[in-house]
Amino acid sequence: MSATPRQTAPTPAAIRAAKGGTPLVALTAYTTPTARMMDGVVDIVLVGDSVGMVLHGLPSTLGVTMEMMILHGQAVRRGLGASLMVVDMPFGSYEAGPETAFANAARLMSETGSEAVKLEGGRHMADTIRFLVARGVPVMAHVGLTPQSVHALGGYKVQGRGAAGEALIADAQAVAEAGAFAVVLEKVPAALADRVTSEVPIPTIGIGASAGCDGQVLVVDDMLGLFTEFRPKFVKRFATLGERAEAAIAAYAGEVRARTFPAEEHTFADTAPGETT
Ligand SMILES: Nc1nc(=O)c2c([nH]1)NC[C@@H]1CN(c3ccc(C(=O)N[C@@H](CCC(=O)O)C(=O)O)cc3)CN21
Ligand SMILES: CC(C)C(=O)C(=O)O
Ligand SMILES: [Mg+2]
């Protein structure tokens, strides 16, 4: 939406209205300092349930709880003032029905201060999205590869290839018609992502989709090279901070063992005029 850092956060309505313009920039964040680094530089900050895999070592997003999303959401909120904050609804918190979904969405928003929630699913979640939107909960939808369905899908596979493309378009149309202000398209063929983007009236936010989407999202630890357990093809490493961190930790261990750290500059004399620390 803007090249220079934004001063105020866009509203969900502004995100919706940005369809077809300058691509929307989204990233995940899970902590205050990371949120501060991206505040106003990106349009949307997503407290993704990927936090379970990225920061907690879980094997999938299925074990992520409301309590985890609330704790990380509160941390991110403290670091943000000029980007829209969206919190993922965790597995099990919205699928049973609209009422349960509303209770949990309201809890996420009231306890974290987020402006919106995101949930996974297309046509089968349309009634729930409509219910939430009618009650003041802005909803970002997520179709294509929906990681909370990893076992039902049989892995983190490309979705919507061949004849399955029509069903994916119907999913994206359904969430738009239900009132979602944007939709994440994950791991779908580029040509399908372009078709969804041209046919669906809300912004498409791609991850493993296409540059033709109305915006892009990545997991921040992936693009910084901090998370290296697995690397989907759609991840570009804009930095290799993990390697640099490992080198720094090894250097520290070496200097401690060689007694070269701490050096004199890191230690304190018994008396020092004017020194208070
Ligand atoms: N660090 C991280 N990045 C993500 O993008 C991410 C998470 N965690 N956790 C939640 C979900 C899981 N996601 C994933 C996970 C794996 C692939 C993937 O492409 N995995 C394999 C292929 C597996 C297969 O084809 O069955 C790969 O090639 O790396 C894609 C999205 C996206 N989300
Ligand atoms: C990758 C994004 C879209 C997500 O859902 C997450 O980080 O959990
Ligand atoms: Mg997620």
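Both counts, for ligands and for their atoms, begin at 1 and track the order of listing.
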Just to confirm my output: which protein heavy-atom neighbour is closest to [atom], and how far is it?
{"atom": "atom 5 (O) of ligand 2", "result": "Lys118 NZ, 2.8 Å"}
{"atom": "atom 8 (N) of ligand 1", "result": "Phe230 CZ, 3.6 Å"}
{"atom": "atom 1 (C) of ligand 2", "result": "Ile207 CD1, 3.6 Å"}
{"atom": "atom 8 (O) of ligand 2", "result": "Asp49 OD1, 2.7 Å"}
{"atom": "atom 2 (C) of ligand 2", "result": "Leu46 CD2, 3.6 Å"}
{"atom": "atom 7 (C) of ligand 1", "result": "Ser50 CB, 3.7 Å"}
{"atom": "atom 6 (C) of ligand 1", "result": "Val219 CG2, 4.1 Å"}
{"atom": "atom 1 (N) of ligand 1", "result": "Asp222 OD1, 2.9 Å"}
{"atom": "atom 7 (O) of ligand 2", "result": "Ser50 OG, 2.6 Å"}

For this session: Calculate, to the nearest 0.5 Å, the distance between atoms CG and CD1 belonging to Leu192 and Ile169 respectively.
Result: 5.0 Å

Exercise. In Å and rounded to the nearest 0.5 Å, what is the CZ to OG1 distance from Arg78 to Thr32?
Worked result: 5.5 Å

Exercise. Any idea which of Gly48, Ser60, Pro147 brings a heavy atom closest to atom 11 (C) of ligand 1?
Worked result: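 Residue with the shortest heavy-atom distance to the ligand atom: Pro147.
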
Exercise. Looking only at non-hydrogen atoms, which of Met53, Gln148, Glu186 approaches atom 13 (N) of ligand 1 most closely?
Worked result: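 Minimum heavy-atom distance to atom 13 (N) of ligand 1 goes to Glu186.
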
Heavy-atom pairs closer than 4.0 Å: do any link ligand 1 to the side chain of [X], the backbone, both, or neither?
{"X": "Leu145", "answer": "side chain"}
{"X": "Tyr156", "answer": "both"}
{"X": "Pro232", "answer": "both"}

For this session: Begin with the C-alpha distance, continue with both residues' side-chain angles, and end with the deciding distance and a verdict on side chain to side chain contact (heavy atoms under 4.5 Å, CB included) for Leu218 and Thr28.
Result: CA-CA 7 Å; Leu218 279 177; Thr28 70; over 6 Å; no

Seminar exercise, completed: So for Thr28 against ligand 2, with non-hydrogen atoms under 4.0 Å, the contacting part is side chain

Problem set entry | Region of Asp88 engaging ligand 2 - heavy atom pairs below 4.0 Å | side chain

Problem set entry | Sole residue of Leu119, Val64, Thr61 in side chain to side chain contact (heavy atoms under 4.5 Å, CB included) with Pro90 |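 Passing option: Val64.
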
Exercise. Between Tyr94 and Phe91, does the ring centre distance come in under 6.0 Å?
Worked result: no

Exercise. Do you know which two heavy atoms are closest between Cys213 and Ala193, and how far apart they sit?
Worked result: SG-CB, 4.0 Å

Can you list the ligand 1 atoms lying under 4.0 Å from a non-hydrogen atom of [X]?
{"X": "Arg231", "value": "29 (O)"}
{"X": "Phe234", "value": "5 (O), 30 (C), 31 (C)"}
{"X": "Thr61", "value": "10 (C)"}
{"X": "Val54", "value": "1 (N), 2 (C), 8 (N)"}

Problem set entry | Basic-acidic side-chain contact under 4.0 Å: Arg195, Glu166 | yes

Exercise. Does any N or O atom in Lys157 lie less than 3.5 angstrom from one in ligand 1, N or O only?
Worked result: no

Exercise. What about Lys187: any of its N or O atoms under 3.5 Å from an N or O on ligand 1?
Worked result: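 Such a contact does occur with ligand 1.
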
For this session: Kindly check if the number of other-residue, nucleotide or ligand heavy atoms within 6.0 Å of CZ (Arg107) is above 12?
Result: yes

Exercise. Closer than 2.8 Å to the Mg ion (ligand 3), do we get an N, O or S atom from Asp49, backbone or side chain?
Worked result: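 It does: Asp49 brings an N, O or S atom closer than 2.8 Å to the Mg ion (ligand 3).
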
Problem set entry | Charged tip of Lys236 within 45° of Phe234 ring normal and under 6.0 Å |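 Here Lys236 fails the 6.0 Å and 45° test against Phe234.
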
Exercise. Do Arg259's NZ or CZ and the ring of Phe261 fall within the cation-pi criteria of under 6.0 Å and 45°?
Worked result: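 Judged by the rule (NZ or CZ under 6.0 Å from the ring centre, within 45° of its axis), Arg259 is not positioned above Phe261.
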
Exercise. Applying the 4.5 Å side-chain criterion to the ILVMFWY set and letting contacts propagate, would Leu71 and Val117 be lumped into a single cluster?
Worked result: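 Hydrophobic grouping puts Leu71 apart from Val117.
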
